[in-house]
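Bear in mind the structure is a predicted one, so any value in this text is a computation, not a measurement.
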Amino acid sequence: MKQLKLFQKIFLYTLGILLFIVVMTHGLIYLLAPRMQLSMSAHDDIVVSINQERFVTEAVEKALPISLSCSLVISVICSLLFSRAIADPIKMISMSTGQMMKLDHRARCPIHTRDEIGTLAQNVNDLYSNLLSTIEHLEREKKAVRDAEQSKVDFLRAASHELKTPVTALNATLENMILGVGKYQDYAAYLPECKEMAGQLSGMIHEILETSKLNTAAEPARTVAVSDLLAELCEPYQLIAAAHQISFSLNLSEPFSATLPAISFGKAVSNVLANAVAYTEAGKSVSVYMDGNRLVIENECDPIPDNEIRRLFEPFYRPDFSRSRADGGNGLGLYIVDTLLTSMNVFYAFAPMTSPAGMRFTIHL
């Protein structure tokens, strides 16, 4: 409807201008032609009679209807062609923008000219492309925020469940001691146990609080000498491994640098090293080395089944081989590793190895 109105406006405006020009031209011819004839005769000193003037006037009057009719037809045709040439590109732009309003990704304004209308169509296309890119970016951000919020909810739910067990156990022990029930009358035996439970609970709360802060502040990335950082990170675990008769091999033959947040990366690697040492038996080995731009941490142990590996990165998940909290694990180590490396856009892999049997953690820098 809007395109038809525009076409009518252009047609009537153009036709009106052409008709005005035609009428004015023919009116001037009708009025001036006889006089021009007389003037020319007078200039040539020729006597012109009244019959000659009347003859010119009659000739002009006979020619005017035919001339006006032809001029009217030509004006209508020219107005139609001009109106179509102007209205059609605008009509196509309007149809394309209608598709764009529905967020049709295939919608584009056709460009057939290099004039202002062609520039307008190109500008509309560029604007729509930027709009689609912005919408896609916002959708990704929305999904990321939604996933992060859901992850926090899941984490808090799991944390509350994990805290419930030691709190209930501690509360039950203290209540039995207060009431003097059976063996709990022996305060000397159960007070140290209560203190140990409180210490474990405090440590777990500290870990939960630290974990909940992982995504609250982004650490700026900087160029880090990975070789020097690894040497520093591995030093305490080498001592722990030696104390448990575990062979700890660190091979950093070539210096290597990378741009990353050093503190967050160091915490992630420390957690991987802690797990590697904790789940390696005496007499077996842990190896840390660089393979090109990959950091590889290997430890000899019973390979973890494939269906368990992905779940290891869930908060508070402890498979059967990890026994219980008494072994020192609270199920947050690999969850923290996953959270930190994902926030740094660092790809990693955790898979079993066959020779020797064990697990291999690979970080691509």
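Interatomic distance, M197 CE to L201 CG, rounded to the nearest 0.5 Å: 8.5 Å. Here the straight-line distance linking atom OG of S133 with atom CG of L131 works out to 8.5 Å at 0.5 Å rounding. The CG atom of L334 lies 4.5 Å from the CG atom of N275; values are rounded to the nearest 0.5 Å. In this structure, CD1 on I304 lies 8.5 Å from OH on Y279, to the nearest 0.5 angstrom.
Under a 4.5 Å side-chain heavy-atom criterion applied to ILVMFWY residues, the cluster that includes I74 comprises that residue alone. Counting side-chain heavy-atom gaps under 4.5 Å among Ile, Leu, Val, Met, Phe, Trp and Tyr, the cluster of Y289 also holds V296. The hydrophobic cluster containing I17, built from Ile/Leu/Val/Met/Phe/Trp/Tyr side-chain heavy atoms closer than 4.5 Å, also comprises Y13, I21. Counting Ile, Leu, Val, Met, Phe, Trp and Tyr side chains that sit under 4.5 Å apart, directly or through other members, I77 shares a hydrophobic cluster with V73, L81.
Taking a cutoff of 4.0 Å between a charged side-chain nitrogen and a carboxylate oxygen, D88 and K91 do not qualify as a salt bridge. Between R106 and D104 a salt bridge is recorded (basic side-chain N to carboxylate O distance below 4.0 Å).
Legend: residues meeting ring pair (Phe, Tyr, Trp, His ring centres under 6.0 Å) with F347, ordered by chain and number and at least two apart, are H364. With sequence neighbours left out, the side chain to side chain donor-acceptor pair (under 3.5 Å) criterion links T14 to no other residue. Every side chain to side chain donor-acceptor pair (under 3.5 Å) that Q122 has, sequence neighbours left out, goes to D126.
Looking at Q238 and L273, their side chains never come closer than 4.5 Å, going by heavy atoms from C-beta outward. Within the 4.5 Å cutoff, side-chain heavy atoms of L230 are placed close to those of L295. Annotation: side chain of V286 is not in contact with side chain of S247 (no heavy-atom distance under 4.5 Å). With a 4.5 Å cut-off on side-chain heavy atoms, S264 and M344 count as touching. The closest side-chain heavy-atom distance from N176 to K183 is not below 4.5 Å. Side-chain contact between H105 and E136: present, with at least one pair of heavy atoms (C-beta onward) separated by less than 4.5 Å. M290 has its side chain out of reach of N251: every pair of non-hydrogen atoms, C-beta onward, lies at least 4.5 Å apart. Looking at heavy atoms from C-beta onward, D306 lies in side-chain contact with P352 at the 4.5 angstrom threshold.
Counting all heavy atoms, side chain and backbone alike, A268 lies closest to L340 at N-CD1, 3.8 Å. Pairing each heavy atom of P89 with each of I86, the nearest pair is CD-O, 3.5 Å. Across N125 and C109, no two heavy atoms sit closer than the pair OD1-N, 2.7 Å. The minimum heavy-atom distance between S75 and V22, with the atom names listed, is OG-CG2, 3.9 Å. Minimum heavy-atom separation, S227 to L252: O-CD1, 3.3 Å. Listed here is the closest heavy atom pair of T280 and I246: O-CD1, 3.1 Å.
Side chain of S285 to backbone of F248: no donor-acceptor contact under 3.5 angstrom is found. Of the possible polar contacts, one joining the T97 side chain to the S94 backbone as a donor-acceptor pair under 3.5 Å is found. For Q185 (side chain) and G180 (main-chain N/O), a donor-acceptor pair under 3.5 Å exists by modelled atom type. Judged by distance alone, with hydrogens and angles left aside, the side-chain atoms of S96 form a donor-acceptor pair with the main-chain N or O of R108 at under 3.5 Å. Under a 3.5 Å cut-off, the side chain of S270 and the backbone N or O of G266 do form a donor-acceptor pair. Of the possible donor and acceptor atoms, one in the side chain of N123 sits under 3.5 Å from a partner among the backbone N and O of T119.
A single hydrophobic cluster is not seen to contain both L18 and V23; linkage of ILVMFWY side chains at heavy-atom distances under 4.5 Å, directly or through other members, places them apart. Clustering ILVMFWY residues whenever any of their side-chain heavy atoms sit less than 4.5 angstrom apart, transitively, puts V181 in a cluster other than the one holding L174. Cluster membership for I93 and I111, using ILVMFWY side-chain heavy atoms within less than 4.5 angstrom, is not shared. M92 and L127 are members of different hydrophobic clusters when ILVMFWY side chains are connected at heavy-atom separations under 4.5 Å. I135 and V124 end up in the same hydrophobic cluster when Ile, Leu, Val, Met, Phe, Trp and Tyr side chains are linked at under 4.5 Å.
A side-chain donor from one of Y348 and D338 sits under 3.5 Å from a side-chain acceptor of the other.
Counting only residues at least two apart or on different chains, no salt bridge (charged side-chain N to carboxylate O under 4.0 Å, His left out) pair has a member in residues 275-284. The salt bridge (charged side-chain N to carboxylate O under 4.0 Å, His left out) analysis of residues 236-246, with sequence neighbours excluded, yields no pairs. For residues 354-365, the pairs satisfying salt bridge (charged side-chain N to carboxylate O under 4.0 Å, His left out) are E298-R360, with sequence neighbours left out. Sorted by first and then second residue, the salt bridge (charged side-chain N to carboxylate O under 4.0 Å, His left out) pairs involving residues 13-26 (not counting sequence neighbours) form an empty list.
Partner M359 forms a side-chain contact (heavy atoms from CB on, under 4.5 Å) with one of I297, I309, D302 and no other, that one being I309.
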Stepwise side-chain contact (heavy atoms from CB on, under 4.5 Å) check, S79 with R84: CA-CA 8 Å; S79 298; R84 186 180 297 277; over 6 Å; no

Under the criterion side-chain contact (heavy atoms from CB on, under 4.5 Å), I'd like the reasoning laid out for N299 against V277: C-alpha separation, chi angles, the key distance, then a yes or no. CA-CA 7 Å; N299 70 300; V277 173; over 6 Å; no

Please list, one pair per line, the donor and acceptor atoms closer than 3.5 Å that link side chains of residues 138-145 to other protein atoms, with sequence neighbours excluded.
unit_1: K143; atom_1: NZ; unit_2: D147; atom_2: OD2; d: 3.0

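Aromatic rings from F350 and F361 are positioned such that their centres are separated by under 6.0 Å.
Within 6.0 Å of CZ in R114 there are 12 or fewer heavy atoms belonging to other residues, nucleotides or ligands.
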